[in-house]
Amino acid sequence: QASMVLEVVPWGRWTVLVAGIYVSLWCGSTYAFGLISQKWKDDFHWSQTQVQNIGTIGNIGSYFGLPAGLLYDRVGPRKVIFMGCILALLGWGFLWAFTAGVLDTSQATMSIAYFVGANAQTWFDTGALVTNIGNFPADRSITIGLEKSYTGLGASVLSEVYTALFRASDGSDDGVNPFLLALSIAIAVVPLVCSIFIVKMPETEERRAEPITARFRAGYIVTFTLAGALLAAALIQSLVDVDDAVRYVLFTIVIALLAAVALMPFVGQADSGSPLLAINDETPLITKSHSYTAVLGELPLSKAIQTLDFWLVFTITCIGTGAGITVINNITQMYLAIAESDSATSSDAAVYVSLTSVANCYGRLVVGLLSHRYQRTIPRPLFLVIVTITMTLGSFYFAFANEDMLYFGCIVVGMSFGAYWALLPTTTSDLFGHSSLGANYNFLSIGTAVGSYLMCVQMAGNIYDDHTFIPPYNATAGEAKPSAKCWGRECFFDTFMIIGGMCAFAAVVALVLCKRTWNGYLRQM
């Protein structure tokens, strides 16, 4: 084991947490896929399966975090986040160039660009989240819930930015091009600046005296308020015809609440302001706490994959989060299919993107808080059982949904999806320890990519395309061939009936995991 090398920094772990929150916000960029996917269909005349292929390759990139996890254990958070910034600039920059027609493109080149841009998220997530889990070992579940909630909010924030600053006045998707250009720059610059503050902090007496409860409460209050403001903004702009001035006011409120997160380190007693010690990036951090012992022991990835429990968690991740990704990636097409109207546009579906994102955030916040509050009485795998049953019900609900029912469906599935990401890092830490959390957690996250491929491409995309039709057009008059459309509930009925059955199976798997680890958790209580 490497010896601990310390460096002096003028900030504490709460500043690290705030920086991690701002980095995590950009990890939700791929959840905004619904804002741009319809433009690709219309401009390039791609089928739903072809678009979903691109989305799924992006999902694979966004959850293929094993390299980031392995590198984190060697070089620390700053260099990991820096690598993410490079990938983000390249990936999203080429996405803008392809979408705007600056460069010629194909499905293959678009897929590669989306994979690279989305893969940046795993580097951001690993660098920020794993560091803060180590900095708050006794409060890791509530820390995960708070930080991961901003990943859930990412799509809603981007949707609000798009609506306020880039949406075309006629409701068309002409604003997608400048939006992608701005995104490609911001997603690289902001995490790069935040990475300066992200360091691993050793346990100190000063840290134990911090007003932990007051600061976490303040962070949760601001986050709940921000999510509520985003939800209100989305609903107002969806249900009421508002002018640009109102959009700018709503946008300003959202930005002000985002800025308020930075005040969390100043809540309660003021920090001493004296320089603090941080652990050098290259030094491994193995967290030890009197209240924490891994259920199965401190297992590196090579040992963890030899256990049945690891693959049970992988199966739950694959099916449960895959179901959520299917809704996130297809929500625009689901709305357009159910609306059955030529007047419905992809911009009109922004409210569902935002609603799902806000629910995603609330799921992470609420379940992270509850699993922390009842960690001494309820084993975390039991929360996985409850969340998976909820995802099952939400999937069956979408199979029968009409336009008005989409709102409630987005809330149920969004909250369930978010709850998984509050539980999975903590459960992984609980079962297999923290010393190899980066590698173990990122390997399990690959399950999401597998699930999204099976559900988004092999099911949702193909079933949708089986029900499409080409609207009438006059080719002899020079009219361009329109994009294929799919109208009616049948476009997604079979998909969600199958996914509902798969989620029911995943709930049984979660019960098995709960039973197998129950005694281990009881020893910790």
Side-chain angles (χ1 to χ4, degrees), residues 30-63 95 98-99 105-115 118 155 173 318-340 344 346 349 352-353 356 391 394-396 398-399 401 406 409-410 413 417 447-471 481-503:
T30 53
Y31 297 154
F33 183 75
L35 292 175
I36 57 179
S37 61
Q38 189 62 34
K39 182 173 179 60
W40 292 344
K41 286 187 68 177
D42 294 340
D43 288 3
F44 303 117
H45 300 288
W46 289 338
S47 67
Q48 183 69 4
T49 299
Q50 290 171 323
V51 171
Q52 286 306 312
N53 272 324
I54 297 173
T56 298
I57 290 172
N59 291 334
I60 293 172
S62 65
Y63 293 105
L95 279 177
F98 293 148
T99 305
T105 188
S106 64
Q107 292 175 58
T109 54
M110 189 76 84
S111 297
I112 293 171
Y114 197 40
F115 177 92
D173 51 18
C318 175
I319 297 175
T321 62
I325 287 289
T326 302
V327 173
I328 290 169
N329 279 9
N330 289 276
I331 190 62
T332 295
Q333 287 73 36
M334 290 165 61
Y335 162 72
L336 294 175
I338 292 174
E340 297 189 51
S346 57
Y352 301 108
V353 174
T356 306
M391 183 65 84
S395 299
F396 284 130
F398 266 127
L406 284 180
C410 288
V413 171
F417 180 76
T448 301
V450 175
S452 69
Y453 173 75
L454 294 175
M455 297 179 191
C456 288
V457 177
Q458 296 302 316
M459 279 192 286
N462 287 322
I463 291 173
Y464 180 97
D465 287 339
D466 287 343
H467 293 87
T468 57
F469 66 93
I470 302 294
K481 181 181 178 181
S483 300
K485 296 182 181 293
C486 185
W487 282 359
R489 187 181 294 161
E490 63 270 17
C491 298
F492 290 96
F493 177 82
D494 292 344
T495 294
F496 285 109
M497 290 298 292
I498 296 171
I499 289 176
M502 294 176 69
C503 287

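Keep in mind it's a predicted model, so treat the numbers as computed, not measured. Side chains included, hydrogens not; waters and symmetry mates left out as well; all remaining heavy atoms used.
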Report yes if the side chains of Asn330 and Phe398 come closer than 4.5 Å at any heavy-atom pair, otherwise no.
no

Any chance you could measure Phe493, atom CZ, to Ile463, atom CD1, to the nearest 0.5 Å?
10.5 Å

Angle between ring planes, Trp40 versus Phe33, binned at 30° and 60°: parallel, tilted or perpendicular?
perpendicular

Kindly give the heavy-atom pair with the smallest separation between Ser452 and Ile325, and that separation in Å.
CB-CG2, 3.5 Å

Rounded to the nearest 0.5 Å, what separates atom CD in Gln52 from atom NZ in Lys41?
8.5 Å

How long is the gap from OG1 on Thr30 to CG on Asn59, to the nearest 0.5 Å?
6.0 Å

Heavy atoms of Ala460 and Thr495 approach each other most closely as CA-OG1, 3.4 Å

Under 3.5 Å: donor-acceptor pair, side chain of Thr49, backbone of Gly461:
yes

Between Met110 and Trp46, is there a side-chain heavy-atom distance shorter than 4.5 Å?
yes

If I take atom CD1 from residue Ile331 and atom CG from residue Leu406, how far apart are they, to the nearest 0.5 angstrom?
5.5 Å

Around Tyr453, counting heavy atoms of other residues, nucleotides and ligands shown, do more than 12 lie under 6.0 Å from its OH?
no

Within the distance-only criterion (no hydrogens, no angle test), does the side chain of Ser111 pair as donor or acceptor with the backbone N or O of Gln107 below 3.5 angstrom?
yes

Rounded to the nearest 0.5 Å, what separation is found between the NE2 atom of His467 and the CG atom of Asp494?
6.0 Å

Indicate yes or no: at least one non-hydrogen side-chain atom of Thr321 is less than 4.5 angstrom from one of Tyr63.
no

Minimum heavy-atom distance between Cys318 and Met455, given as atom pair plus value
O-CE, 4.2 Å

Do you know which two heavy atoms are closest between Ser395 and Cys503, and how far apart they sit?
OG-SG, 4.1 Å

Of all heavy-atom pairs between Met391 and Gly320, which one has the smallest distance, and what is that distance?
CE-O, 3.4 Å

Atom pair OH (Tyr114) and CG (Asn53), whose distance is rounded to the nearest 0.5 Å:
13.0 Å

Whether Phe492 and Tyr464 hold their rings parallel, tilted or perpendicular, with breakpoints at 30° and 60°:
tilted

What one should report as the nearest heavy-atom pair of Gly324 and Val413 is CA-CG1, 4.1 Å

